Amino acid sequence: LIRFLIILIFISVGLTALAFSPSYESANVKVFENPSDPTNSLLYFLAIITFTAIVMILAKKSELFLKLVMYSLLFISTFYVFYPFFGILSFVPSSVVLIALLKKPNTLTLNVSAFLLACGITAMFGISLEPFPVLILLVILAIYDFVAVYTTKHMVDLAENIIKLKLPLLFVIPTDDRPTMLGVGDVVISNILTVSAQTFLNSPKIFGLKIPALTTLIGGALGLTALLILAEKFKRAHAGLPFINSGAILGFLVGCMVS
């Protein structure tokens, strides 16, 4: 059941982001002006490194200031997630999300907020990057995630800080033992390729989805399934992106070949 729920979250984020993307395009809510520029991938990676460093440093120096920074970033992010649908009035639902997280940071509010963020961020980056820069990004982040979890282990520390601060950057599935968690990044990164394929490629469609977008989504879900099987066998923290991104890339390549 846990495995099914996690895969359902992954697929739901991908499909919802695909449904959101035309609205984001119409509202011109894009991250990069030139979607074909490969250096955009490096900028994205540097942003992740910077974000991680800030969290790790502030977690040791001032937890209060870290909360202030993180919740400010959360408010700004949710504002842009809602912007294509509510325009300048997006500060209203953004405020509701923020208040709910501050007043009742339970599993439901955290997961719903994480889902909204994941869908919005996936759509925004998916329409801002063509497939080639995304492929570069997926490879870089898969390597980084492997090193950060198994070698330096700072990604494990980051996850612990996120849990302590009760931030919606993890999906949490309660269990009788210890909760199963999946990072928002694990859901977002490969699905950016799904949205990018749907946005930029000319390809036949199946059920309204271009074939490379569909196979990318399926490949990512299969990679996630392999990760969950490994996690059940070896109960420890595992790097998700090497599995998920590999599945998504293979799915994308298969889709491009058959379409």
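Computed from a predicted structure; not experimentally measured. Only heavy atoms go into these numbers, but all of them, side chains included; no hydrogens, no water, no symmetry mates. When a residue number appears, it is its place in the shown sequence, counting from 1.
Side chains of L241 and D186 form a contact here, defined as non-hydrogen atoms less than 4.5 Å apart. L74 has its side chain within reach of P168: a pair of non-hydrogen atoms, C-beta onward, lies under 4.5 Å apart. With contacts defined as side-chain heavy-atom distances shorter than 4.5 Å, the pair I189/I244 does not qualify. Side-chain contact between L228 and I7 is present, with heavy atoms from C-beta onward closer than 4.5 Å. A 4.5 Å side-chain heavy-atom check between T225 and F243 finds every atom pair outside the cut-off. Side-chain contact between P133 and S41 is present, with heavy atoms from C-beta onward closer than 4.5 Å. When side chains are defined from C-beta on, I99 does not count as touching L102, because their heavy atoms never get closer than 4.5 Å. Under the 4.5 Å side-chain criterion, counting only non-hydrogen atoms from C-beta, F171 is not in contact with L5.
The closest donor-acceptor contact from the side chain of Y150 to the backbone of A239 lies under 3.5 Å. Proximity of a side-chain donor or acceptor of D145 to a complementary backbone N or O of L141 within less than 3.5 Å is not detected. At least one donor-acceptor pair under 3.5 Å links the side chain of S90 to the backbone N or O of G87. At least one donor-acceptor pair under 3.5 Å links the side chain of N40 to the backbone N or O of D37. Distance alone, capped at 3.5 Å, is enough to place a donor-acceptor pair between the N111 side chain and the V172 backbone. Within the 3.5 Å criterion, the main-chain N or O of L230 finds no donor-acceptor partner in the side chain of K233. Of the possible polar contacts, one joining the Q198 side chain to the K210 backbone as a donor-acceptor pair under 3.5 Å is found. Side-chain atoms of S190 never come within 3.5 Å of backbone atoms of N245 as a donor-acceptor pair (strictly under, hydrogens ignored).
Counting non-hydrogen atoms of neighbouring residues, nucleotides and ligands closer than 6.0 angstrom, the OH atom of Y80 reaches no more than 12 such neighbours. For F146, the CZ atom sits in a loose shell: 12 or fewer heavy atoms of surrounding residues, nucleotides or ligands are nearer than 6.0 Å. Around atom CZ of F200, more than 12 heavy atoms belonging to other residues, nucleotides or ligands sit under 6.0 Å away.
L182 and L8 are members of different hydrophobic clusters when ILVMFWY side chains are connected at heavy-atom separations under 4.5 Å. Linking Ile, Leu, Val, Met, Phe, Trp and Tyr whenever their side-chain heavy atoms come within less than 4.5 Å puts I49 and I54 in one cluster. There is a path of hydrophobic side-chain contacts, each under 4.5 Å, that joins V81 to I88. Both L101 and L68 are part of a single hydrophobic cluster, where members link through side-chain heavy atoms under 4.5 Å apart. F51 and F65 fall within a single hydrophobic cluster, where Ile, Leu, Val, Met, Phe, Trp and Tyr side chains are chained together by heavy-atom contacts under 4.5 Å.
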(request) Walk me through it: do F85 and F20 pass the test side chain to side chain contact (heavy atoms under 4.5 Å, CB included)? (result) CA-CA 9 Å; F85 311 104; F20 280 4; 3.7 Å; yes
(message) With side chain to side chain contact (heavy atoms under 4.5 Å, CB included) as the criterion, how do F115 and V13 come out once you've worked through the C-alpha distance, each side chain's angles and the decisive distance to 0.1 Å?
(response) CA-CA 7 Å; F115 185 83; V13 167; 3.6 Å; yes
(message) Show, in sequence, the C-alpha distance, side-chain angles and deciding distance for L217 and L15, and conclude whether the side chain to side chain contact (heavy atoms under 4.5 Å, CB included) test is met.
(response) CA-CA 9 Å; L217 181 62; L15 293 177; 3.8 Å; yes
(request) Test side chain to side chain contact (heavy atoms under 4.5 Å, CB included) on F132 and S36 and set out the steps. (result) CA-CA 7 Å; F132 180 64; S36 63; over 6 Å; no
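Residues F91 and F79 keep their aromatic ring centres 6.0 Å or farther apart.
We find the OG1-NZ distance between T109 and K103 to be 13.5 Å, quoted to the nearest 0.5 Å. Interatomic distance, S95 OG to F75 CZ, rounded to the nearest 0.5 Å: 4.0 Å. Note that CG of L193 is 12.5 Å distant from CD of E130, once rounded to the nearest 0.5 Å. Atom OG of S259 is separated from atom NZ of K205 by 13.0 Å, given to the nearest 0.5 angstrom. Between I48 atom CD1 and L137 atom CG the span is 6.5 Å, to the nearest 0.5 Å. Here the CD1 atom belonging to I173 is positioned 11.5 Å from the CZ atom belonging to F4, to the nearest 0.5 angstrom.
Between V184 and A118, the closest heavy-atom pair is CG1-CB, 4.0 Å. The minimum heavy-atom distance linking L170 with G183 is given by the pair CD2-CA, 3.5 Å. The nearest pair of heavy atoms linking P131 to S196 is N-OG, 3.0 Å. When all heavy atoms of S113 and V97 are compared, the pair lying nearest together is OG-CG1, 3.6 Å. When all heavy atoms are compared, the tightest approach of L201 to C256 is CD1-SG, 4.2 Å. The two residues L129 and F32 make their nearest non-hydrogen contact at CD2-CD1, 3.6 Å.
If you run side-chain contact (heavy atoms from CB on, under 4.5 Å) between V134 and each of T216, V195, I192, only I192 comes through.
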